[in-house]
J.: 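Quick one: the structure is below, questions incoming.
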There are 2 protein chains.
Amino acid sequence: MTDDLMTIREMCDHFGVTARTLRFYEQKELLSPIREGQKRLFTRRDRARLKLILRGKRFGFPLEEIRQLLDLYDVGDQQLTQYTRTITLAETHLNELKAQRAELDEAIRELADQLEWGRNMLASMEQDEAAE
Amino acid sequence: MTDDLMTIREMCDHFGVTARTLRFYEQKELLSPIREGQKRLFTRRDRARLKLILRGKRFGFPLEEIRQLLDLYDVGDQQLTQYTRTITLAETHLNELKAQRAELDEAIRELADQLEWGRNMLASMEQDEAAE
DNA sequence: GCAAAAGATTACGTTTACGTCAACGTAACG
DNA sequence: CGTTACGTTGACGTAAACGTAATCTTTTGC
């Protein structure tokens, strides 16, 4: 509660990104830290957004797409029409995520199978080695 | 069974990628189609690998990393030492995938919650609109 | 009160993952 | 036998996502 605001370096340490990255994201309008004179101060909102940005990246979403989606999370004071559009966009995105999960599950299953097979193979290889 | 081999265009149609992409992947040693004279012919192995490549990309893995991992899937005639290394690499990768799934689940939960909240908000906004 | 540290801006460089010609080979069709 | 379609190899171009100085204020520790 003492400080709701973080300097750029604190952000870097906390999230494991460079200052350049944070400035880049600001320029791309993904973040909007407030200014104390010249310096940037990152709010709780910025941190929440950055977390989502990094998560999105890990799943292969381009920054531009992520930018669109970020507005789903801080529902501000939008107009009804705009808001409806936001909702449908969220639904679309949610379906995408679920599809990804299905594929990810498949990938996990396949790799796990492969691994089991591989471990058996390894065992018999060691067998042969010992028989030499 | 009639043809185990596909031309470059058949591959493009089947996977929704361009010829340039396939040649690029070959150059990067992710694929290794055989040659009929000058022309490329893609085998079943190539198709399996391409599927994995595209999947990997969807989860945000860079091509170079994907290349390393591809060898996990076609376990050829490796030496024991090499093979052991391959296995551990696979285990590492599997853990990564599981971690990704956990995070993906979290993302889905959060977004679903947000959506529900949003839908309620939307309902009350329409309420207000009607009361006007 | 002054040097070191932290932050800012501007601008050019880099890597990844292809796109986009250009120029050529060849094979099949009418 | 010409042209149309499919394929090949360079080679250069490009968009995204930062990296990397270079140069300038602004704090802050001693």
Side-chain angles (χ1 to χ4, degrees), chain A residues 2-43 46-47 49-71 93 96 100, chain B residues 2-43 46-47 49-71 93 96 100:
Chain A
T2 52
D3 78 309
D4 200 41
L5 302 176
M6 287 174 71
T7 85
I8 201 168
R9 198 124 314 261
E10 288 169 337
M11 288 289 283
C12 293
D13 296 351
H14 191 83
F15 287 99
V17 299
T18 71
R20 177 68 174 89
T21 299
L22 294 176
R23 298 196 192 100
F24 179 74
Y25 288 168
E26 179 181 2
Q27 182 188 323
K28 291 281 173 166
E29 296 182 273
L30 290 146
L31 299 178
S32 45
I34 59 179
R35 296 299 180 112
E36 186 189 54
Q38 163 132 288
K39 303 194 168 171
R40 284 168 244 263
L41 289 177
F42 296 83
T43 69
D46 290 314
R47 290 194 291 278
R49 290 172 73 94
L50 182 52
K51 186 181 167 191
L52 291 170
I53 293 168
L54 297 177
R55 170 186 286 168
K57 288 200 58 188
R58 249 166 279 140
F59 294 122
F61 292 99
L63 285 183
E64 177 52 30
E65 196 167 331
I66 293 173
R67 195 180 61 79
Q68 318 263 346
L69 296 171
L70 277 178
D71 299 336
H93 184 53
E96 250 186 85
Q100 274 209 27
Chain B
T2 52
D3 78 311
D4 201 41
L5 302 176
M6 287 173 71
T7 85
I8 200 168
R9 199 125 309 265
E10 289 169 336
M11 288 289 282
C12 292
D13 296 349
H14 191 82
F15 288 99
V17 299
T18 71
R20 178 66 175 91
T21 299
L22 294 175
R23 297 197 192 99
F24 180 74
Y25 289 167
E26 179 180 2
Q27 182 187 326
K28 290 283 172 165
E29 296 184 90
L30 290 147
L31 299 178
S32 44
I34 58 179
R35 296 300 180 111
E36 185 188 55
Q38 162 132 289
K39 304 192 167 171
R40 291 168 173 80
L41 289 177
F42 295 83
T43 70
D46 290 313
R47 290 194 290 278
R49 290 172 73 94
L50 182 53
K51 186 182 167 190
L52 291 171
I53 293 168
L54 297 177
R55 171 187 286 170
K57 288 200 59 187
R58 248 165 278 140
F59 293 120
F61 293 100
L63 286 182
E64 176 52 31
E65 196 166 331
I66 292 174
R67 194 181 62 78
Q68 317 264 345
L69 296 170
L70 276 178
D71 299 337
H93 183 53
E96 251 186 84
Q100 274 209 28

J.: Answer yes when E64(A) and R67(A) have at least one side-chain N-carboxylate O distance shorter than 4.0 Å, and no when they do not.
T.: yes
J.: How many whole angstroms separate atom CD of Q27(A) from atom C1' of dT10(C)?
T.: 11 Å
J.: Taking the six-membered ring where the residue is Trp, are the ring centres of F42(A) and H14(A) under 6.0 Å apart?
T.: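 Distance test on ring centres: not under 6.0 Å, no.
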J.: Output the rounded distance in Å from CG (D13(A)) to P (dA6(C)).
T.: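 To the nearest whole Å, that distance equals 10 Å.
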J.: Answer yes or no: is there a side-chain heavy-atom contact under 4.5 Å between T7(A) and K39(A)?
T.: no
J.: Across nucleotides 7-21 of chain D, 5' to 3', mark each nucleotide with B, S or - according to how protein heavy atoms within less than 4.0 Å reach it.
T.: SBB-B-----BBBB-
J.: So, are R40(A) and D46(A) salt-bridged, with charged N and O less than 4.0 Å apart?
T.: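 Salt bridge flag = no for D46(A) with R40(A).
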J.: Roughly how many Å is it from CE in M11(A) to P in dG7(C), rounded to a whole number?
T.: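 The answer, rounded to whole Å, is 12 Å.
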J.: Please round to the nearest 0.5 Å and tell me the distance separating atom CG of L5(A) and atom CZ of R47(A).
T.: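 Rounded to the nearest 0.5 Å, the CG-CZ separation comes to 7.5 Å.
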